[in-house]
Asker: 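Below: one structure in structure tokens.
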There are 2 protein chains.
Amino acid sequence: MSESTRPMRRQDIRRENEKAILLAAEKVFAEAGFGGATMQLIADLAGLPKANLHYYFATKEELYRSVVQNIFEIWLQAANCFDAARGPVDGISAYIDAKMEISRRHPDGSKVWASEVMHGAPVLQDYMESTLREWTDGRVEIIRRWIEEGKMDPVDPRHLLYMLWATTQHYADFGHQIETLNGGKSLSDRQWREAKENIKRVILTGIGAQPA
Amino acid sequence: MSESTRPMRRQDIRRENEKAILLAAEKVFAEAGFGGATMQLIADLAGLPKANLHYYFATKEELYRSVVQNIFEIWLQAANCFDAARGPVDGISAYIDAKMEISRRHPDGSKVWASEVMHGAPVLQDYMESTLREWTDGRVEIIRRWIEEGKMDPVDPRHLLYMLWATTQHYADFGHQIETLNGGKSLSDRQWREAKENIKRVILTGIGAQPA
DNA sequence: CTGAAAGCTGACCATACGGTCAGGATGCAA
DNA sequence: TTGCATCCTGACCGTATGGTCAGCTTTCAG
């Protein structure tokens, strides 16, 4: 496998190692939290000597910051679903799908994000006060318009957003609990689909937007 | 204040100190996670020398375990709401109220609980596989009956429960984010009431149970 | 009053962790 | 080929942390 790609170019080396480190870090930070995570553990998981980590990321904080920012990017991308939509059914459905897909594909990242916020967002405070606030305000405005246009019931837009975040995020952050209650097995494709459908149905019905 | 109660009895001393330690520990564990928490920090917050902590709780793990179990008790008490109810409107309303009150009054405990589950429930695995599973199965059965009796739409009971947990828990775990988006201020009485009302309304409407 | 049990604590220890660094290996442009 | 920048790493260091302990003080039963 990796033997065939012997002559690695500098650029590739850097990219691959950073990727490996970030992936390992994401997992370790998710499992142990920032305080419980160890550079040694991350190094082992990435298959690199610890000193090499410090070559790419000067400090533990810097590495953590990179991991958190990565997830924030992904998180924000799911936002586009809202803008492209013409009504609550399209918009909210797409958003739920997107966020559930994140919970499924990036459970570790989701946990790191949750942990970051839970501990007072020491790294992301700036982002929350600028980017996130703007994004939220924009979405609130969209929802408000939908309400004015009679496309949904007059529900408080902010609490609706919180509900969307909470419900979707839960499948990542509390994945272990859900697995345990599912007989120790992770959710199947079908169960994930059912989860999405249930959430969409309850929320869309709940806000008085007729599901297509 | 404390000067007036000079002659403290042994029992009182023990109870008060354990209480102070547990309270401080809950806060520190919530803010820093298990790995980031320090016995020294907990001791300082409790106003006791560090060695005194180890007199009451032999190890950090034992102290943590106590904190987690405490919260689990509170969490389970909110369960009763479900049993006493005659239908989904009563039951789910009361449960949402109870869980929101926990999020409001015990945000630190909620965070510790969330953290514990996120990290794979190293301490609570047994409880989850026994007590929590039983509780959940029982509630699933109740919801199923409500559906059979035509009191609500046929929604998957498990995913409905997850939705209730997620939505209510969110106000504790992501309280910092909510505060930030609320202009840096914590939610007022009125805003908490609105939050509860919104959640109840969307979910009850969403499952086809007419709000009283 | 007395002695033992419970409560308390400063000083100490071993370990683990984040981070450093000198110096070797490797890719690459000229 | 040569020289240099990048990449790599074993060995090391200072510090912080969980935990211990000897000996002190306080409570209280008899």
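Protein chains get the first letters and strands the later ones, always in sequence-line order, with residue 1 at the start of each.
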Asker: What's the CG-C1' distance between Asp12(A) and dC7(D), to the nearest Å?
Answerer: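 Those two atoms, CG and C1', are 14 Å apart.
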Asker: Is there a donor-acceptor pair under 3.5 Å between the side chain of Thr38(A) and the backbone N or O of Leu41(A)?
Answerer: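 No, Thr38(A) side chain to Leu41(A) backbone: no donor-acceptor pair under 3.5 Å.
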Asker: Could you pull out all residues at least two apart from Glu18(B) that satisfy salt bridge (Lys or Arg N to Asp or Glu O under 4.0 Å)?
Answerer: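 Counting only residues at least two positions away or on another chain, Glu18(B) forms a salt bridge (Lys or Arg N to Asp or Glu O under 4.0 Å) with Arg14(B).
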Asker: Do Gln69(A) and Tyr127(A) get their side chains close enough for a donor-acceptor pair, meaning under 3.5 Å?
Answerer: yes
Asker: Got a list of protein N/O to nucleotides 5-8 of chain C N/O distances below 3.5 Å?
Answerer:
residue : atom : partner  : partner atom : Å
dA5(C)  : N3   : Arg10(B) : NH2          : 3.2
dG7(C)  : OP1  : Arg14(B) : NH1          : 3.3
dG7(C)  : OP2  : Arg14(B) : NH1          : 2.5
dG7(C)  : OP2  : Tyr55(B) : OH           : 2.7
dG7(C)  : O5'  : Tyr55(B) : OH           : 3.4
dC8(C)  : OP1  : Asn17(B) : ND2          : 3.1
dC8(C)  : OP2  : Asn17(B) : ND2          : 3.2
dC8(C)  : OP2  : Tyr56(B) : OH           : 2.4

Asker: For Asp44(A), give me all partners under salt bridge (Lys or Arg N to Asp or Glu O under 4.0 Å), at least two apart in sequence or on another chain.
Answerer: none
Asker: Tell me the interatomic distance from Glu16(A), atom CD, to dC7(D), atom P, rounded to whole angstroms.
Answerer: 13 Å
Asker: In dot-bracket notation, what is the pairing pattern of DNA chain D, taking Watson-Crick (N1-N3 plus N6-O4 or O6-N4) and G-U wobble (N1-O2 and O6-N3) contacts under 3.5 Å, with [ ] crossing and | for other strands?
Answerer: ||||||||||||||||||||||||||||||
Asker: Produce a footprint string for nucleotides 16-21 of chain D: one letter per nucleotide, 5' end first; B if the base is under 4.0 Å from any protein heavy atom, S if only the sugar-phosphate is, - if neither.
Answerer: -SBBBB
Asker: Would you check, one step at a time, whether the test side chain to side chain donor-acceptor pair (under 3.5 Å) holds for Glu116(A) with Tyr64(A)?
Answerer: CA-CA 10 Å; Glu116(A) 163 71 7; Tyr64(A) 175 74; 2.6 Å; yes
Asker: If I take atom CD in residue Glu18(A) and atom P in nucleotide dC8(D), what distance separates them, rounded to the nearest angstrom?
Answerer: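 For the pair Glu18(A) CD and dC8(D) P, the rounded distance is 10 Å.
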Asker: Would you kindly give the CZ-to-P distance between Arg15(A) and dC7(D), to the nearest whole Å?
Answerer: 12 Å
Asker: In chain order, what residues pass the salt bridge (Lys or Arg N to Asp or Glu O under 4.0 Å) check against Glu179(B), with sequence neighbours excluded?
Answerer: none
